[in-house]
Amino acid sequence: MDITIGINGKDRAASAGDMIRELVESQEAVVHTARAIFPDVDRMSDEPGADLLTQRMQVHEKNAWMLRSLL
């Protein structure tokens, strides 16, 4: 079944696999961003911020892993 989507400026029919791959990429992008700012949070000794980033990374890494299992 194809569904028309409009994500990232793309208007096209996408298969379920394509949509899952895009979701995996998005989850990984969130993790990459969180990892990139983690040193700044750590340098500022922002423990609540570091904890929040760690939790978000764990959630998005798990989501990416679960989505990859569908491919």
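- In this structure, Ala34 and Met57 approach most closely via the heavy-atom pair CB-CG, 3.5 Å.
- The pair Glu28-Arg68 meets the salt-bridge criterion, since a charged nitrogen lies less than 4.0 angstrom from a carboxylate oxygen.
- Note that the CG atom of Leu70 and the CG atom of Leu23 stand 10.0 Å from one another [nearest 0.5 Å].
- Every residue was checked against the salt bridge (charged side-chain N to carboxylate O under 4.0 Å, His left out) condition with Arg56, not counting sequence neighbours, and none meets it.
- Partner of Leu53 under the side chain to side chain contact (heavy atoms under 4.5 Å, CB included) criterion, chosen from Val31, Asp46, Thr33, Val41: Val41.
- Taking every heavy atom of both residues into account, Leu67 and Ile20 meet most closely at O-CG2, 3.4 Å.
- Note that CZ of Arg35 and OG1 of Thr54 are 9.5 Å apart. Values are rounded to the nearest 0.5 Å.
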